[in-house]
Amino acid sequence: MKRLVLMGAGHAHLIVLKQWLSAPLKDVELVLVTPSAWQYYSGMLPGGVAGHYSVDQCRIDARSLALAAGARVVLGSVIEVRADKKQVRLTDGDLLDYDWLSIDIGATTNLESLRGYAGTLLSIKPLGQFHQQWSRHHERSGAKGAHIALVGGGAAGAELAMAVAHAGRAGATAPAKVSLITGNQGLLPDFRPRIRKLAHNKLAALGIEVVEQRAEAAGHDLVLTDGVTMRPDLVMAATGSEAFSFLATSGLAVDAQGFVLVNEHQQSLSHPEVFAAGDVCSRLDQSLNRSGVHAVRTAPVLAANLRAATESGEFTAFQPRTNTLYLLSCGDKTAIGSYGPFAFSGQWVWRLKDKIDRRFVGGF
Ligand SMILES: Cc1cc2nc3c(=O)[nH]c(=O)nc-3n(C[C@H](O)[C@H](O)[C@H](O)COP(=O)(O)OP(=O)(O)OC[C@H]3O[C@@H](n4cnc5c(N)ncnc54)[C@H](O)[C@@H]3O)c2cc1C
């Protein structure tokens, strides 16, 4: 029997597996390789940090879903892809042959500026590990009034800074200080000015210090662009995405940053039996944000094309939408939203986000 290996239980693969519950692939051995039985849902992570969700509410049981969809589940990570030999190597050294491979492993955090930091550093990814480390830190030192620095001025950094500030307020003692160090491009550089203004106002209202400079690690200090140093008790890194390094030596066509190049069918530009979706891939003809929303939207196309590949059918093209709804939670059960040129904020935006997120996770 021919074999399809699903590498990673990212957003797209979860939906693919869900679709195949009712209409499984014919005559194909399906294997899911995932480092954990659980997939953490990033959209609810800031709400989890703020104390609005339990850990169980923010994660999906990927292992049970895959088993129900008829897959064999291998708990481990792929550490090497040998595209020319149609093989992947797993953490335990085993080689797994495939006829088709679908990659949805997301990306890792770009820690370049924080490399060598000697203090306590929590990297936002992997999300499951971050969740555990944050919970431990919060239980241990939440009452001590620590200075927490969030490095990264994108949506994840801003949401987490607000969540951390709220978690402190809700607990026994607020953190002494929360700093958001955005990098030289400033806060939310990929968003429209109106959203940036709403976010600046909210961060100020929550007492969060916004430092629009780059931070470099030096021992236990962070050195800012202007040469001033900061010594926080805890640094959290939400410093943007970086491709997993083993992809560059996989033999697959990758872009200049090492992300897998795919066409409109989510199919590798170099190896037609390989597909990819979500943060791990890039398209030459479109510049797409790395976001969960995008990974979710590609999933039906990925499912259809994996079926087409295994059953010799026609491929479907993925057409990204022009506008996407972005919702940033602000820690205190309010949120800021944007859709195309429109920007809005308030408690109703949080309720909308909460409803969308709960429905997504509940759907599994
Ligand atoms: C705090 C935070 C909040 C966010 N909020 C939002 C939001 O509100 N809306 C939004 O659209 N986006 C949001 N994002 C971005 C979003 O998380 C990512 O774009 C999204 O998770 C990408 O999905 P994916 O399917 O590509 O991969 P992921 O969801 O990252 O899943 C990849 C999976 O592959 C596994 N894996 C990794 N390496 C391997 C390997 N070598 N072998 C096997 N498995 C592997 C991982 O463990 C993981 O389970 C947020 C990100 C963060 C950090």
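Read the numbers this way: they start at 1 and go in the same order the structure lists the ligands and their atoms.
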Joint cluster assignment, Tyr53 & Ile124, ILVMFWY side-chain distance < 4.5 Å: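 Cluster IDs for Tyr53 and Ile124 differ.
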Please tell me whether Leu252 and Leu96 are part of a single hydrophobic cluster in this structure, the criterion being side-chain heavy atoms less than 4.5 Å apart.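 Leu252 and Leu96: one cluster.
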[X] heavy atoms, cut-off 4.0 Å: which ligand 1 atoms fall inside?
X	result
Gly278	26 (O)
Glu159	3 (C), 5 (N)
Phe246	41 (N)

Starting from [atom], find the nearest protein heavy-atom neighbour and note its residue, name and distance.
atom	value
atom 34 (O) of ligand 1	Ile105 CA, 3.3 Å
atom 6 (C) of ligand 1	Ser42 OG, 4.0 Å
atom 42 (N) of ligand 1	Val78 N, 3.0 Å
atom 10 (C) of ligand 1	Gly292 N, 3.4 Å
atom 44 (N) of ligand 1	Pro35 CD, 3.2 Å
atom 28 (P) of ligand 1	Gln39 NE2, 3.8 Å
atom 25 (O) of ligand 1	Asp104 OD1, 2.7 Å

So is Tyr326 close enough to ligand 1, meaning a heavy atom under 4.0 angstrom away?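 The answer is no: ligand 1 sits nowhere under 4.0 Å from a heavy atom of Tyr326.
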Compute the minimum heavy-atom distance from Lys353 to ligand 1 and say whether it is under 4.0 Å.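 Right, Lys353 reaches ligand 1.
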Do Phe244 and ligand 1 have an N or O pair less than 3.5 Å apart?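 For ligand 1, there is no N or O atom that lies under 3.5 Å from one belonging to Phe244.
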Considering both backbone and side-chain atoms of Val280, is one of its nitrogen or oxygen atoms within less than 3.5 Å of a nitrogen or oxygen in ligand 1?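 No, Val280 has no N/O under 3.5 Å of an N/O on ligand 1.
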Between the side chains of Thr334 and Lys202, does any donor sit under 3.5 Å from an acceptor?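 Per modelled atom types, Thr334 and Lys202 side chains form a pair under 3.5 Å.
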Evaluate side-chain hydrogen bond (donor to acceptor under 3.5 Å, both in side chains) for His294 paired with Thr324, printing each intermediate quantity in order. CA-CA 9 Å; His294 179 61; Thr324 305; over 6 Å; no
Only one of Leu17, Val31, Leu101 forms a side-chain contact (heavy atoms from CB on, under 4.5 Å) with Leu6, so which one is it?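 With Leu6 as partner, Leu17, Val31, Leu101 yield a single side-chain contact (heavy atoms from CB on, under 4.5 Å), made by Leu17.
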